[in-house]
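Please read through the structure below; I'll follow up with questions.
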Amino acid sequence: MSKLVLGMMVGAGFLCCPHESKAQGGAPAADGGHVLAKPATAAGSLPPGVKRTIETVAEVKNAIVTVDTAGKSAEGKMSSKDSDVMTMEGISETKFRTVQEKVVQEGSIIFGDKTQPKPLEQPLLKGIPVIVEKKDGRYAATFEKGGPTAEQTTMLGTLATSFAAKDDFALYGDAPRKPGDKWDVDAKLAGSFVGPGDWTGTCKMEFVEVKDVGGVPCAVLKAVFDVKGNLPPRAGMPPTNLTYQGEAITQRSLADLLDIEVKVQARTTMVREQALTMRMRVSGNYTMLRKASQAKP
């Protein structure tokens, strides 16, 4: 199972009056509502010089694997755990630098009495500074220095797609919202919770409550999604179809308009076919936890 990561965390210093709702930066909320996003800014955009470290763990445990090939069928189990650490540094409201600092891939596939390690994906962007920019409503990711290989160019496109799926303004809008509000968003924005893909289906948002998290007032937001799509193409890999049905709970700082924690639980099915010779189906439970820390200059 593939995923790309992005998370946010707020610094200290925002105070909330116990008798007055607050919007961004401590301004009074309009009609009891809270502004959750700003237009134009890039997903994860940071003030110049501000740095974040984002940690993500995505896991599938004891998924059922069925492989059909040459008229025969075999069934086994698969477990997968991917951990990722990225750093981000703000350049402008619509541009930031990001580096994939660490990638850990674990997992195994068991058929009968045989256990095989999960095939690993080469981390083609690890350690390379990448500039992500939102311009005219579109995202682009380029190397800060040097030119990418053909495979790295594909991965840069996937990275840009992943940030587009996490576009805060598309998810939340800038109209004041309050607990109890519900709204629909484009299914492709489910990529914020399950990774990049050409998702179709439904994704519904709900403002659940305002909650104090470490002294910072946060909007607790719930996303319920039912989507299907294809993984971005990779060299040497057959087409992969995926479905996800589940929910995500987000804690979003009302001071800095940043998601400080995202927890995802979903049921997923993956189908991969190679010509007419092989068909593999994997079905199991998917979880993801994304957190981050922030350092201000």
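Because the structure is a prediction, the values reported are computed rather than measured.
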Tyr172 versus Leu257: any side-chain heavy-atom pair under 4.5 Å?
no
Report yes if some heavy atom in the side chain of Glu106 is under 4.5 Å from a heavy atom in the side chain of Ser80; otherwise report no.
no
Quick one: closest heavy-atom pair of Ala190 and Phe225, and the distance?
CB-CB, 4.2 Å
Is a side-chain donor or acceptor of Asp181 paired with a backbone partner of Lys178 at a separation under 3.5 angstrom?
yes
Any side-chain to backbone donor/acceptor pair from Arg97 onto Pro129? Under 3.5 Å, distance only.
no
Close side-chain approach of Lys222 to Glu247, heavy-atom, < 4.5 Å:
yes
Atom pair OG1 (Thr269) and OH (Tyr286), whose distance is rounded to the nearest 0.5 Å:
14.0 Å
Between the main-chain N or O of Thr243 and the side-chain N or O of Thr268, is there a donor-acceptor pair closer than 3.5 Å?
yes
If you group Ile, Leu, Val, Met, Phe, Trp and Tyr by side-chain heavy-atom gaps below 4.5 Å, do Val104 and Leu125 land in one group?
no
Rounded to the nearest 0.5 Å, how far apart are NZ of Lys81 and CD of Gln105?
13.5 Å
Is it true that Val224 and Tyr244 fall in one hydrophobic cluster, defined by side-chain heavy atoms closer than 4.5 Å?
no
Determine yes or no for a side-chain-to-main-chain donor-acceptor pair under 3.5 angstrom, with Trp183 supplying the side chain and Leu171 the backbone.
yes
One pair to check against side chain to side chain contact (heavy atoms under 4.5 Å, CB included): Ile64 and Glu75. What are the steps and the verdict?
CA-CA 7 Å; Ile64 301 300; Glu75 185 173 290; 3.8 Å; yes
Met205 to Leu221 - nearest heavy-atom pair and separation:
CE-CB, 4.3 Å
Are any side-chain N or O atoms of Thr98 and backbone N or O atoms of Thr87, one a donor and one an acceptor, separated by less than 3.5 Å?
yes
Taking the side chain as everything from C-beta on, heavy atoms only, tell me whether Pro148 gets closer than 4.5 Å to Leu156.
yes
Taking Asp186 for its side chain and Lys188 for its backbone only, find out whether a donor-acceptor pair lies under 3.5 Å.
yes
Within a radius of less than 6.0 Å around CD of Gln265, do more than 12 heavy atoms belonging to other residues, nucleotides or ligands occur?
no
With Glu144 as reference, evaluate Ile131, Ile128, Val99 under the side chain to side chain contact (heavy atoms under 4.5 Å, CB included) test and give the passing residue.
Ile131
Ignoring hydrogens and angles, tell me if any N or O in the side chain of Asp198 forms a donor-acceptor pair with the backbone of Asn230 under 3.5 Å.
yes
In Å, rounded to the nearest 0.5 Å, how long is the span from CD of Gln100 to CG of Leu159?
8.5 Å
Count the heavy atoms belonging to other residues, nucleotides or ligands that lie under 6.0 Å from CD of Gln116, then report whether that count exceeds 12.
no
Do the non-hydrogen side-chain atoms of Arg267 and Asn285 ever get within less than 4.5 Å of each other?
yes
Does the pair Lys38/Asp168 count as a salt bridge with the N-to-O cut at 4.0 Å?
no
Polar contact flag, side-chain donor to acceptor under 3.5 angstrom, Arg281-Thr66:
no
Is it the case that one hydrophobic cluster holds both Phe193 and Ile249, taking links as side-chain heavy atoms less than 4.5 Å apart, direct or via other members?
no
For the atom pair OG (Ser79) and CD1 (Ile110), what is the distance rounded to the nearest 0.5 Å?
6.5 Å
Between Thr287 and Glu59, is any side-chain donor less than 3.5 angstrom from a side-chain acceptor?
no
Just by distance, do the side chain of Ser253 and the backbone of Ala255 share a donor-acceptor pair under 3.5 Å?
yes
Between atom CG of Asp184 and atom CG of Leu189, what is the distance when rounded to the nearest 0.5 Å?
11.5 Å
Worked verdict on Val132 versus Tyr139 for side chain to side chain contact (heavy atoms under 4.5 Å, CB included):
CA-CA 7 Å; Val132 179; Tyr139 283 81; 4.1 Å; yes
Check for a donor-acceptor pair, side chain of Ser73 on one end and backbone N or O of Thr69 on the other, with a separation under 3.5 Å.
no
Any side-chain heavy-atom pair of Glu133 and Phe96 under 4.5 Å
no
Heavy-atom check, side chain of Met270 versus side chain of Asn241, under 4.5 Å
no
Within the distance-only criterion (no hydrogens, no angle test), does the side chain of Gln251 pair as donor or acceptor with the backbone N or O of Ile260 below 3.5 angstrom?
no
I'd like to know whether Val271 forms a side chain to side chain contact (heavy atoms under 4.5 Å, CB included) with Met280, so could you lay out the CA-CA distance, the side-chain angles of the two residues, the decisive distance to 0.1 Å, and finally the verdict.
CA-CA 6 Å; Val271 177; Met280 181 173 71; over 6 Å; no
Is any side-chain heavy atom of Glu261 closer than 4.5 Å to a side-chain heavy atom of Leu289?
yes
Can you give me the closest heavy-atom contact between Val264 and Val262, atom names plus distance?
CG2-CG1, 4.0 Å
Which atom pair, heavy atoms only, marks the closest approach of Leu254 to Leu36?
CD2-CD2, 3.7 Å
If you round to the nearest 0.5 Å, how far is CG of Asp68 from CD of Glu273?
9.5 Å
SB check Glu89 Arg52 (cutoff 4.0 Å):
no
Measure across Ala141 and Val130 and return the closest heavy-atom pair with its distance rounded to 0.1 Å.
CB-CG1, 3.9 Å
Minimum heavy-atom distance between Phe111 and Gly76, given as atom pair plus value:
CE2-N, 3.5 Å
Under the criterion side chain to side chain contact (heavy atoms under 4.5 Å, CB included), I'd like the reasoning laid out for Thr250 against Val220: C-alpha separation, chi angles, the key distance, then a yes or no.
CA-CA 6 Å; Thr250 299; Val220 178; over 6 Å; no
Of all residues at least two apart in sequence or in a different chain, which pass the side-chain contact (heavy atoms from CB on, under 4.5 Å) check with Lys182?
Glu206
